[in-house]
Amino acid sequence: MNKKDLTFDEIPVKRPNLKSIQKNIGEHIAKLQAAKDAPEALKVIRSLDRYMDKLATIGTVISIRYSLNTLDKKIAKLQDMVDEMMPQVSALLNQWNKILVKVPYRADLEKKLTPYYFKMIENSLKSFDEKIIPELVEINKLSSNYDRIMGGAEIEFQGQKYNLSQMRKFSKSEDRNVRRSASLATDKWFAEHEQEIGDIYGKLVVLRDTCAKKLGYKNFVELGYLSLGRVDYDAKMVKGYREQIAREVVPVCQKLYKAQAKRIGIPFNKMKNYDWSLSFLSGNPKLAGDTAYLVKSAEKMYDDMSKESGEFFRFMESHKLLDLEARAGKAPGGYMTFLPVYRYPFIFSNFNGTEDDVNVLTHEVGHAFQGYLSANIKPSDFRSPTLESCEIHSMSMEFFAWPYMKDFFGKDDEKYRYHHLSDAIEFLPYGITIDEFQHWVYEHPNVSHKERCDAFKEIQGRYEPELHYEEGTCFSHGGRWMAQSHVFGSPFYYIDYTLAQVCAFQFLVEMRKNQPKAWKKYVKLCKCGGKYPFVSLLEKNHIRNPFIDGNIRKVIKPLVKILNSFDQSKF
Ligand SMILES: [Zn+2]
C-alpha cells in the first residue's frame, strides 16, 4: 500500500526498541568513522537521516495518540518508554556529531550540505556535554514541578473551585466587581505559592548558571542563545531591538489603551490590571457557527486563497490530520506536528467555542502549511527552521485570513480584525518585558526572590506603564512573571514570538497592497524550511530585519494607519 494514502488512524503504532536503535545508530557511527571521503560519508549521513525520520515518526505517532487519549494505558506506557529512551538516543547522536565535525574531508561535505549544516551541529555540541547531564535532569524535574503546581492550582471563587485557565474567563466579565475579585483570587493563590514557585525558579537559575560555567561560559545568556540555535544574532542585538520596541511601540500602545478605556467607560487613569482584558462592552467577537461550520469556512477560504493552499487543506481533511474538537481524555492545548515518513502535518486542538478556534484554523494551519511545503527538503534538519522563524509562517497566515473573516465571525468581522491587530501590537511590550527580565536574572544568578521581583517591577513599569495592580497584592510587588511558564521551562524563547510578529505584520501590509505578490513571497518563505538561520532567512525573503535600527518604526507606521481606519464606535 502506498504510504501516502493512509489516513492518520490507519497508521500503525509501533513499539520502539532501544537495543535495536542503539545497534543501528552504533553501526552508522562505525560506518562514518570508516568512510574515506565525502561521497562515502554522504551515503552514511543520508542513511542515518532516513533512519532518524523513521524513529521520529514512531515517536510522534505515539505522542499524538497519547494526547488524543491520555486515558489509554497502553499508549501511556509507550509514551513513557519514548521519554526514557530520548536521553540515550541524544547521547548517541552527540557522539555522531562529534565525529562528523572533525572529518578530514569536511570542506567537501560543506559544499553538499552547506556550512550552516555544520554550524548547527557545532552549535548543539557547544550547548551540550555529558558533564551537564546531572544538572539537566534536575532542571527537567524542577520544570515539571512548576507545571504540576500551576496545573493543579485550585482557586476558590464564588463558592466554586477553578484552575488558572478557567479563571481567565472572569477577566472578560462586563461586571467590574467580578473582574476585580477574580483577579484578587488569582493573586491570592500566587501569594500563597510564592515561596514555593520562587524557590523553584531560584534553583533553576543556579542550575542553568552551573551548566554555563561547566561549559566555559560567563553565564547562562550565551548558552541559552546557543541552545535555541541562534547563530546569526546575539544578546546585544536583542537589546537594541527591545529599545526600538520601547521607543516606537510603547507609545502606540498607550494610545490604544486610552481608546480602550474610553470604549469600556472607565477613565484611563482609573484603569486597573483587571480592566485590560475587557476590550469591548459588547463582548469579544462572536463566532458565526459551530465546528463543522468553521471547518467549511476554512475549506472555502483556503480554496480561494490559492490552488496549493486549497489542495493542502483538503489533503489534511481527507487524511484525517485535523483533530479539532475537545473530548474527554484529550490532553489540553493545541499544537502542530509532523510525521516525516508519511510527509504529514498533524493538527491537534480543543475547540472551545471562542475566537481561539479560528486561531487554530489560521495559526496552526499556517504551521502545517509550511510543514507540507517543506516536506521533501533534505537533510531532515533543514525541514523546519528555528522557533522565531516558525512563528512567521503561522502568524502571517492569521493575516492572510483577514479578508475571509466574515465567514467566521459574521457581522463581528471588523471587530475581530481590530481586536486581532491591536492585541498583536500590545503583545510586544509584554514580550520584551519577559525577555529583559530573563537577561537580568541570568546576569545576576545569585540574587534573592525579592530582588528578582523588584527587577521585574522596574522593567514592567517602563514597558507597560498602563498596568496598575491593587496595593498589597503579589503582582503589585513584581510577582507577575511567576505566571509565565516560558520563564521556567524555555529560557529566552519568549522574544521569538515578538520577532515573528514584527515579520508577520509586514505580510499584513503587503497583502493589503497586493495579495498575489504577498502570497507568492509567503509561499517562497515557507518553502525555505529551515535552510537558513533567522537573519539570513529574512534577507533571502526581503523581510525587514527587526534588529536593524529604524526598521521597527517602518513596520509600525502603516499599522497605525490601518488601526485608525476602523470605526470603533461600532464595537
Ligand atoms: Zn505557533
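When a ligand or atom number is given, it counts from 1 through the structure's own listing order.
- A tilted orientation is assigned to the rings of Tyr493 and Tyr497, their planes being inclined by 30° to 60°.
- Here Cys390 does not reach the Zn ion (ligand 1): none of its N/O/S atoms is less than 2.8 Å from the metal.
- Classified by interplanar angle (parallel below 30°, tilted 30° to 60°, perpendicular above 60°), the ring pair Phe488/Tyr146 is parallel.
- At least one N/O/S atom of Glu391, from backbone or side chain, sits under 2.8 Å from the Zn ion (ligand 1).
- Salt bridge Asp413/Arg417: present, at least one basic N to carboxylate O contact under 4.0 Å.
- Here the angle centred on the Zn ion (ligand 1), running from NE2 of His363 over to NE2 of His367, is 100°, rounded to 10°.
- Relative orientation of the Phe369 and Tyr372 rings is parallel, given thresholds of 30° and 60° on the angle between their planes.
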